[in-house]
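Heads up: the structure comes next, in C-alpha cells.
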Amino acid sequence: MSPMITSILILSLATGTIITMASFHWLLAWMGLELNTLAILPIISESHHPRATEASTKYFLTQAAASSLILFSSVMNAQATGQWSILQLEDPLAQTLLTVALAMKLGLAPAHFWLPEVLQGSSFKTGLIIITWQKLAPMTLLLLTWNQASMLTLMMMGSLSVAVGGLGGLNQTQLRKVIAFSSIAHLGWMATIVTKSNKLALLNLTMYILISTPMMLSLIFSSTKTTQDLTTTWTTSPMLAPLTMMTLLSLGGLPPLSGFMPKWLTLEELLTQNMTPLATVLAVSTLLSLFFYLRLSYSLSVTLSPNPTKISSKWRLKPNTSALPLSITLPPSILALPLTPLMKP
C-alpha cells in the first residue's frame, strides 16, 4: 500500500472518530462510525491473504449491522420524542437497541465472536488500532448515554464479558487471540461500571489503552506471534523480556502494577453501592484472565534464567520497529498505581 493511500486511510480513521466524539446529533454520530469502519477495512485486508480478507469481511458485516441498529434506534427515538439529540434518548426500546448495538461494536459478550477472528486475521499493528483507537467512538457514545442506556443489559453483558474473556483465553496459544479475549474482559469491566460512574469507566478505558499499547509494541518489536515465541524473546532484546512480563501482569491487574488501579476502584465503587454479588463475580472472573497472563509471563521468565541461551538474535525474523514509542508508553503502563488517590471520583 502506497504511503499516500495509507495517510488517507489513517486520516479518515481519525476524522471518523473525531466526528462521532464531537457530535450531538445521531446522524452525525452514525456518519462518523461508518467513516471509521470503511477506513479500517483496507488496512485489515492489506496483506491480501485469505485470512485477512475473511477478517475484513467479518468486521464489515458486524460493524454494518451494529451501525444499522444505532440508526434504527435513533429513528425510533426521533419518532417517539421528536428529538435527534444524543442526550435525549427517552424511548425504552430505543435505549435497549442502542445498548445492544454499542455492545456489538465494542465486542461485548455474547456479541463478541467476531473480535478474536478479526484480530487473528490481522497484523499486530492493525490489531493495535482495533483494540485501542476503534473503541473510542462507541465508548464515547456509551459515555454520553450512560444515564439513558439499559442498565440491566449493560451489567449482564459486562459480567458475562469478564467471564467469557477469562475462559476464552485459557486454552489459546496464538497471542492475538489471547489479546482479543483480554480486550473482551476489559470491556466487560467498562460496561459494568459505566452506569454507576462514567468517570471510572473512562479511567478503565484510559488505563487499558495505556497498558495495551506498549504490550502490542513490544510484541511487534520482538516479532512474537505465539506463546512458544515468547520463550525466545530474550534473544531479540534481553531488556524487553522482563518489561514485557511486567506489562502482561499489569494488564492482568496484578498489584502493585498500574492495571490493578482501575479494578480496585471499580470494585470499591460497586461495594459502596451495595452490589457485592456483582463485585464478587467480577473479582472471581478476572482471576481466570490473570491465570493466562501468569502463564504467558512464565513463558517469558524461562528465558531469564541464570544461564540463558547464547544465541545473539533470532534467525527467523529481524525486528524493524523503532523502540522509541515503546520507551515512551511503557512507564505509565506499570508505574501509575501511586496516582490512585488522585483518580478517585
Side-chain angles (χ1 to χ4, degrees), residues 1-18 20 32-64 66-67 104-107 112-139 165 168-169 172-184 186-187 205 208-226 229 244 247 251 317-326 329 333:
M1 191 180 295
S2 68
M4 181 176 293
I5 295 178
T6 304
S7 302
I8 293 173
L9 292 176
I10 296 297
L11 182 62
S12 300
L13 270 179
T15 305
T17 302
I18 292 171
T20 302
L33 291 172
E34 286 299 301
L35 180 60
N36 206 300
T37 300
L38 293 175
I40 193 70
L41 293 178
I43 298 176
I44 297 175
S45 57
E46 180 183 2
S47 64
H48 302 293
H49 192 273
R51 195 68 185 265
T53 306
E54 179 187 352
S56 62
T57 304
K58 289 179 178 178
Y59 187 85
F60 170 73
L61 292 176
T62 308
Q63 300 297 313
S67 296
M104 189 182 300
K105 272 199 165 292
L106 289 168
H112 67 285
F113 296 101
W114 63 272
L115 186 55
E117 297 299 324
V118 169
L119 277 191
Q120 184 60 30
S122 309
S123 65
F124 271 96
K125 293 179 182 178
T126 307
L128 176 60
I129 297 174
I130 292 173
I131 66 172
T132 54
W133 185 261
Q134 292 298 91
K135 305 299 181 188
L136 293 180
M139 274 304 297
Q172 300 295 333
T173 57
Q174 295 290 329
L175 291 181
R176 279 170 288 191
K177 285 198 173 182
V178 171
I179 292 166
F181 284 108
S182 165
S183 178
I184 293 168
H186 281 85
L187 288 168
L205 177 63
Y208 171 67
I209 292 175
L210 282 177
I211 299 172
S212 295
T213 301
M215 184 196 67
M216 292 290 282
L217 289 175
S218 63
L219 295 179
I220 294 170
F221 185 84
S222 58
S223 303
T224 304
K225 291 184 172 65
T226 64
D229 292 340
T244 304
T247 308
L251 196 61
L317 292 169
K318 294 293 183 182
N320 54 9
T321 306
S322 172
L324 181 60
L326 179 60
T329 56
S333 70

- Output, in order, the C-alpha distance, side-chain angles, deciding distance and verdict of side chain to side chain contact (heavy atoms under 4.5 Å, CB included) for L136 and L205. CA-CA 9 Å; L136 293 180; L205 177 63; 4.1 Å; yes

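- If you take NZ on K225 and OG1 on T173, they are separated by 14.0 Å, rounding to the nearest 0.5 Å.
- When the side chain to side chain contact (heavy atoms under 4.5 Å, CB included) test is applied to T37, the partners found at least two apart in sequence or on another chain are Y59, Q63, K105.
- The backbone N or O of A14 lies less than 3.5 Å from no partner atom in the side chain of T17, so there is not a single donor-acceptor pair.
- Panel note: side chain H186, backbone L251; a donor-acceptor pair is recorded below 3.5 Å.
- In this structure, the side chain of R176 engages the main chain of S122 through a donor-acceptor pair within 3.5 Å.
- In this structure, CD1 in I10 is found 11.0 Å from OG1 in T15, a value given to the nearest 0.5 Å.
- Summarising the geometry, atom OG1 belonging to T247 is positioned 9.0 Å from atom CG belonging to L219; distances are rounded to the nearest 0.5 Å.
- For the pair D229 and S223, the minimum side-chain heavy-atom distance is 4.5 Å or more.
- Separation of atoms NZ (K125) and CD1 (I220) is listed at 6.5 Å; rounding is to 0.5 Å.
- In this structure, S12 contributes its side chain and I8 its backbone to a donor-acceptor pair below 3.5 Å.
- With I44 as the partner, the side-chain contact (heavy atoms from CB on, under 4.5 Å) test is satisfied by one option alone out of T57, T126, T53, L119: T126.
- The shortest non-hydrogen separation linking M216 to L128 is CE-N, 3.5 Å.
- Applying the side chain to side chain contact (heavy atoms under 4.5 Å, CB included) criterion to E46, with sequence neighbours excluded, gives M1.
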- Audit row: I43, L13, side chain to side chain contact (heavy atoms under 4.5 Å, CB included) steps and yes/no: CA-CA 10 Å; I43 298 176; L13 270 179; 3.8 Å; yes

- Task: Decide side chain to side chain contact (heavy atoms under 4.5 Å, CB included) for I129 and Q134; before the verdict, give the C-alpha distance in whole Å, the side-chain angles of both, and the deciding distance to 0.1 Å.
- Result: CA-CA 6 Å; I129 297 174; Q134 292 298 91; 4.2 Å; yes

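- Residue S183 comes nearest to L115 through the heavy atom pair OG-CD2, 4.0 Å, listed as atom of the first residue, atom of the second, then distance.
- When all heavy atoms of I209 and P214 are compared, the pair lying nearest together is O-CD, 4.5 Å.
- Residues P42 and L9 come closest through the heavy atom pair CB-CD1, 3.7 Å.
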- So L175 and T224, side chain to side chain contact (heavy atoms under 4.5 Å, CB included) or not? Walk me through it. CA-CA 8 Å; L175 291 181; T224 304; 3.4 Å; yes

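- Qualifying side-chain hydrogen bond (donor to acceptor under 3.5 Å, both in side chains) partners for K177, counting only residues two or more places apart in sequence or in other chains: none.
- Rounded to the nearest 0.5 angstrom, L33 CG and L38 CG are separated by 11.0 Å.
- Side-chain contact between L217 and F124: absent, with no pair of heavy atoms (C-beta onward) separated by less than 4.5 Å.
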